[in-house]
Amino acid sequence: MSIRLRLILILTLATSAIWLSAALWINVSTRAQVEQVLDARLAEAANMVSSLMADRRIALDEGAGQATIALPGAGEYSRLLSCQIWSLRGNLLGASSGAPDAKLSEDEGFTTTLIDGEPWRVFTVVNPDVGVRVMVGDRIQVRDRLVGDVVQGLLWPLAVVFPALALLIWVSVGRGLAPLVHLESTLRNRKPDDLSPLEGAGDPREIRPVRRALNSLFQRLDDVRRTERDFTAFAAHELKTPLAGLRTHAQIARMASDPAVRDRALATITTSVDRTDRMVRQLLDLTAIDQDAATVERLDVANLLSELAQQAEDQARPREVRLDVQAEGIPPLHAPRILVHSALRNLIENAIQHSPHGGTVRLIASCDGAFVTFRVRDEGPGIRPQDRDRVTDRFWRGPGREVHGSGLGLAIVEAAVQRMGGRLELGSGSGGQDVTFALPL
């Protein structure tokens with residue numbers, strides 16, 4: 001259901017409910033007021049007849065038989081009243097035309113009686129000076145009809161106004177939703193590559209959070225697009241360098257007649273291939289982490305570290321770096337294998353790259369009951385204090401380093417650890433470098 005239709009229905013139903021309540025209140029209030037007025041008319045008519053008899057303007061003789069009484073007063077309602085005059089001894093002295101034959105009431109004052117199966121409202125006044133009992137009454141049905149006429153007279157104007165009010169609600173809701181329509185039109189007409197903030201200085205208060213949220217989304221999309229563009233540019237640049245070296249040294253190896261020159265060229269080609277291979281694997285790692293498509297698996301921590309150490313032997317052997325694995329008594333870890341594998345492999349490769357010849361890289365796993373903590377320590381120069389805030393940026397490499405990497409290792413580690421809900425810590429860089437990350441068990 002559209003917001004326009006929903007608002008119109010809510011306002012219409014609310015207005016109808018208010019009008020119905022008002023109609024019920026008018027009916028009850030009007031009935032009470034009309035009853036009070038009609039009761040006053042009954043009492044007034046009865047007292048007037050009694051007063052006329054006291055002044056001898058109406059003379060009745062008990063022995064002369066029943067006389068016809070004309071009620072004084074004017075107006076439509078006077079013709080709907082019935083009057084009876086009874087002597088105190090119980091003889092009917094006179095009655096108005098149309099009055100029932102049965103006695104209207106037995107009690108003095110206001111009473112409601114049933115005459116010929118029909119309810120009547122009666123007022124009785126006793127005049128002991130004249131020796132008569134004057135009764136004036138009307139049918140309850142007549143009263144209901146009068147009340148109904150009064151209520152209908154009040155409600156008919158409302159019924160006439162209702163369509164106009166419904167039209168006014170429709171127009172008002174449409175004008176109220178105009179800012180949303182304008183926002184929708186602005187977004188529909190915007191070019192796909194336009195991520196500039198939405199203008200909206202005069203927006204209503206309710207639209208401002210939507211505009212702020214959209215502007216925030218545009219900013220994030222622009223950041224992501226810029227990151228992807230930079231990522232592509234950096235990746236192309238990083239791949240271009242080893243590929244150019246491959247081409248150059250391949251030509252040297254093909255044309256060299258000296259075996260020593262050819263061997264050096266082939267060794268350089270091998271180094272370039274290894275560098276390119278690591279770059280491709282790191283790019284694939286980043287893609288897997290960004291896609292968040294990994295499934296949780298039950299991992300044996302000791303076996304995982306041993307497997308990674310074996311895979312890193314080819315990289316460690318030329319530098320005579322020893323890999324020391326310590327992971328005894330660690331319970332199974334439930335986490336995405338590809339993320340844990342990527343984080344640890346990049347840490348190990350970084351540690352080997354920055355270790356001196358003949359150094360040791362320690363792979364240590366421990367558990368405190370809630371988290372499994374992985375610690376990778378090398379014996380290299382460590383991260384300089386001024387570089388600690390940037391070492392996890394993608395494609396960033398510290399200046400003045402002999403080791404040339406892609407600048408993706410710690411960026412991959414941080415992204416993978418954050419994806420798994422863990423925490424990454426960079427230890428002191430003096431006398432070696434500690435990198436630790438903890439994952440929920």
For the pair [X] (side chain) and [Y] (backbone), establish whether a donor and an acceptor sit closer than 3.5 Å, ignoring hydrogens and angles.
{"X": "D222", "Y": "F218", "answer": "no"}
{"X": "N215", "Y": "P197", "answer": "no"}
{"X": "Q84", "Y": "L104", "answer": "yes"}
{"X": "D378", "Y": "S355", "answer": "no"}
{"X": "T124", "Y": "D107", "answer": "yes"}

Residues [X] and [Y]: side-chain donor-acceptor under 3.5 angstrom:
{"X": "T113", "Y": "S105", "result": "no"}
{"X": "H341", "Y": "R345", "result": "yes"}
{"X": "R121", "Y": "T112", "result": "yes"}
{"X": "S216", "Y": "R220", "result": "yes"}

Checklist entry - Which pair of heavy atoms, one from S82 and one from S96, lies closest together, and at what distance? => result CA-OG, 3.4 Å
Next on the checklist: Using every non-hydrogen atom in the two residues, find where R319 and I352 come nearest and quote the distance to one decimal.
Outcome noted: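 Heavy-atom minimum between the residues: NE-O, 3.2 Å.
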Look at [X] together with [Y] and state whether they make a salt bridge at an N to O cut-off of under 4.0 Å.
{"X": "R375", "Y": "E425", "value": "no"}
{"X": "E106", "Y": "K103", "value": "yes"}
{"X": "R225", "Y": "D193", "value": "no"}
{"X": "R143", "Y": "D39", "value": "yes"}

Find the distance between [atom1] ([X]) and [atom2] ([Y]) and round it off to the nearest 0.5 Å.
{"X": "W120", "Y": "I115", "atom1": "CH2", "atom2": "CD1", "result": "6.0 Å"}
{"X": "L323", "Y": "Q311", "atom1": "CG", "atom2": "CD", "result": "11.5 Å"}
{"X": "L410", "Y": "N346", "atom1": "CG", "atom2": "CG", "result": "8.5 Å"}

Checklist entry - Does D368 CG have over 12 foreign heavy atoms under 6.0 Å away? => result yes
Checklist entry - Would you find more than 12 non-hydrogen atoms of other residues, nucleotides or ligands less than 6.0 Å from R188 atom CZ? => result yes
Next on the checklist: Check for me whether R423 meets the cation-pi criterion with F371, that is, NZ or CZ under 6.0 Å from the six-membered ring centre and within 45 degrees of the ring axis.
Outcome noted: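 Verdict for F371: a cation-pi partner in R423.
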Checklist entry - Who pairs with E414 by salt bridge (charged side-chain N to carboxylate O under 4.0 Å, His left out), at least two apart in sequence or on another chain? => result none
